[in-house]
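Quick caveat: nothing in here was measured; it's all calculated off a predicted structure.
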Amino acid sequence: MFDYIIVGAGSAGCVLAARLSEDPSVSVCLVEAGQADRSVLIHCPAGLALMARQRGINWAFETSPQSGLLGRRGYQPRGRVLGGSSSINAMIYIRGQHPDYDFWAAQGNPGWSWDEVKPYFLKAEHNERGSDEWHARGGPLNVADLRSPNPLAAAFVQAGQQAGWPLNPDFNAATQEGVGFYQVTQKNGERWSAARAYLRPALDRPNLQVQSGAHVLRVLFDGRRATGIEIQQGGARRELEARREVILSAGALQSPQILQLSGVGAGAELQALGIPVVHDLPAVGQHLHDHLDSIIVLDAPRMRDSFGVSFGGLAQVARAVFEWRKQRSGMLTTNFAEAGGFIRSQPEEPAPDLQLHFVVGKLADHGRRTLLGHGISCHLCVLRPKSRGRVSLASVDPLAAPLIDPAYLSDPDDVARMVRGVKRMRTLLQQPALAVYGGRERHESASAQSDEQIEAFIRNHADTIYHPVGSCRMGPAENGNVVDARLRVHGLQGLRVVDASIMPRITSGNTNAPVIMIAEKAAEMIRSDAA
């Protein structure tokens, strides 16, 4: 029996476990299907290059066949380890644009405007640059500049300026627009995941218990009140009881799955599967959306500073291993996507609608396919896509993966923006600062010159950049939402959802920092509601 049970030890779950257990009068249980974050591949930043192949710490989901991607299945890696996806992501710290949150509030969510969420970003942050109007020191989440930036990233930033975009030294200040280096969630040359930042300092508290290797099968109810969860751990099933609340923080793909397995979702669909309906809530699993990523890869044998599969490149990495082990510096402190930018696909856009990630190596198929030689990659995503999909049950088996349908490129506006974006990205890559290396586009994209050819290239090759959100959307019940502005599931008691699934619309950038903010704010609301 616990006061609070938190399902999922990802970014949100680690924050909640740490913050709620600060009160010694309450007991907290954090339940995670994965294991402890012991792998050196997690803590060495460059280890992320191998994360897509590490199924032990990665759910490695796939989407349903996507008509917008010509029937291809997309890859959906998600962290299955303490720290969740913050233990396998590219560590980029981006909050998004201030109007993102004003939009959330305007959808009937009081308390979620930019001015109201900014204090929670600051509460979480310890920025090594120091504190000012936009940043804070003293929070658990260490935010740093890259320790050993790659010279090619600087060349990208210079090329962006040559293409006409402003230099932006801080994407998280007054304006997001421009090109520059990303800040990262690292400390002393190591990944600083939510588990390192929040959970590890709290593990010695007697009122916090972490159950790892525990797969949540369903939420238990007494009428319409959540009373606990059923888990499978070590081959045995057992129940955990919650006096106050069950909090789902399993992410945008698995929080709706758990709700549906528990009888909360579209009643007719659940009945057809033989699942007793606890609460008919058709919005569960709807409104799933994500940042779709299109990549241009350049072969460039003269780019010896890039990560590449060659005799020289492998020797360089071998030397870097010793440097990282001894000093926590050098090329293995990279997050690969070291620089980037936020740009407008056309001048009349009111704000940047595209994001660029510049990778100091040749990336194909999420790193699951090896490309020989040296080169670089540039990634493009539409910041506020209009395409909407859903998460549903593929099976009544709680151990089976959910059915994931992001409906990529189902809205023609997303297609038009990506086509314009590929052309703008190509213009940047052709600027003198990068052209001096003699890079050549690989054949997959080089042959795509007309708008129709570029669209075909996108549909043949684009895939996620790992930001699924929206499947337990926050807002008034009458507007087809799952949780209210205090993240309580509509029509039920003692049950909340706290993760990326509650976003009314995706933020303009990487989603890890916003999820941590959501959890910081949720922890305060939970304590307030219990008082």
Side-chain angles (χ1 to χ4, degrees), residues 5-10 12-13 29-34 59-64 76 78 80 84 211 213-242 245-288 389-405 468 470-473 481-483 487-502:
I5 295 175
I6 303 163
V7 176
C29 182
L30 178 62
V31 181
E32 167 58 38
W59 288 97
F61 293 133
E62 287 190 336
T63 71
S64 60
Q76 295 277 306
R78 296 280 90 196
R80 187 179 186 176
Q211 296 274 351
H215 196 114
V216 175
L217 307 179
R218 62 187 175 117
V219 178
L220 304 172
F221 290 93
D222 181 2
R224 291 201 171 191
R225 179 170 187 83
T227 59
I229 59 173
E230 182 181 16
I231 65 172
Q232 180 166 307
Q233 188 179 38
R237 294 192 176 197
R238 62 194 183 97
E239 296 180 357
L240 305 176
E241 295 183 59
E245 292 190 25
V246 174
I247 306 164
L248 297 183
S249 296
L253 306 181
Q254 289 164 289
S255 283
Q257 180 192 25
I258 293 169
L259 285 173
Q260 293 163 344
L261 289 167
S262 308
V264 180
E269 293 183 9
L270 298 179
Q271 287 176 332
L273 290 169
I275 297 174
V277 178
V278 173
H279 181 39
D280 185 5
L281 191 58
V284 172
Q286 300 295 324
H287 312 296
L288 175 70
R390 65 183 300 220
V391 178
S392 55
L393 295 180
S395 166
V396 296
D397 178 5
L399 301 183
L403 187 63
I404 303 164
D405 179 14
S471 51
C472 294
R473 193 174 66 177
N481 296 293
V482 176
V483 299
L487 309 188
R488 300 170 296 201
V489 177
H490 288 302
L492 298 172
Q493 293 79 49
L495 182 62
R496 293 189 210 231
V497 181
V498 181
D499 56 31
S501 70
I502 66 94

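- Within the 4.5 Å cutoff, the side chain of Leu495 has heavy atoms near those of the Val246 side chain.
- For the residue pair Asp499 and Ala12, the shortest heavy atom distance occurs at CA-CB, 4.2 Å.
- From Arg80, atom CZ reaches atom CD of Gln254 across 8.5 Å, with rounding to the nearest 0.5 Å.
- In this structure, CZ on Arg473 lies 11.5 Å from CD1 on Ile502, to the nearest 0.5 angstrom.
- Using a 4.5 Å heavy-atom threshold, the side chains of Gln260 and Val284 count as touching.
- No side-chain heavy atom of Pro398 sits under 4.5 Å from any side-chain heavy atom of Arg218.
- Going from atom CZ of Arg390 over to atom CD of Gln286 covers 5.0 Å, rounded to the nearest 0.5 Å.
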Next item on the list: Would you please test Thr227 and Glu241 for side chain to side chain contact (heavy atoms under 4.5 Å, CB included) and show each step?
Entry: CA-CA 6 Å; Thr227 59; Glu241 295 183 59; over 6 Å; no
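- The number of heavy atoms from other shown groups lying within 6.0 Å of CG (Asp397) is above 12.
- Taking 4.5 Å as the limit, every side-chain heavy atom of His279 sits out of range of all side-chain heavy atoms of Phe221.
- Residues Val483 and Arg496 form no side-chain contact, since every pair of their non-hydrogen atoms from C-beta on lies 4.5 Å or further apart.
- Looking at Glu245, its side chain never comes within 3.5 Å of a backbone N or O of Ile247 through a donor-acceptor pair.
- Side-chain atoms of Ser255 come within 3.5 Å of backbone atoms of Ala250 as a donor-acceptor pair (strictly under, hydrogens ignored).
- Leu30 and Gly13 make their closest contact through CD1-O, 3.8 Å (heavy atoms, listed as atom of the first residue, atom of the second, distance).
- One finds the OG atom of Ser501 at 8.0 Å from the CG atom of Leu248 (value rounded to the nearest 0.5 Å).
- Within the 4.5 Å cutoff, the side chain of Leu259 has heavy atoms near those of the Val482 side chain.
- Counting heavy atoms from C-beta on, the side chains of Leu399 and Leu217 come closer than 4.5 Å.
- Side-chain contact between Val219 and Ile258 is present, with at least one heavy-atom pair separated by less than 4.5 Å.
- Gly263 approaches Leu270 most closely through the heavy-atom pair C-CD1, 3.5 Å.
- Looking at Ser471, its side chain never comes within 3.5 Å of a backbone N or O of Leu288 through a donor-acceptor pair.
- Atom OG of Ser392 sits about 4.0 Å away from atom CG of Leu403, to the nearest 0.5 Å.
- Closest of all the heavy-atom pairs between Cys29 and Leu240 is SG-CD1, 4.0 Å.
- To the nearest 0.5 Å, the span separating CG on Asn481 from NE2 on His287 amounts to 6.0 Å.
- A pairwise comparison of heavy atoms in Ala9 and Glu32 identifies N-OE1, 2.9 Å as the closest pair.
- What you find for Ala252 and Pro256 is that their closest heavy atoms are O-CG, 3.3 Å.
- With Gln257 contributing its side chain and Ala400 its backbone, the two residues share a donor-acceptor pair below 3.5 Å.
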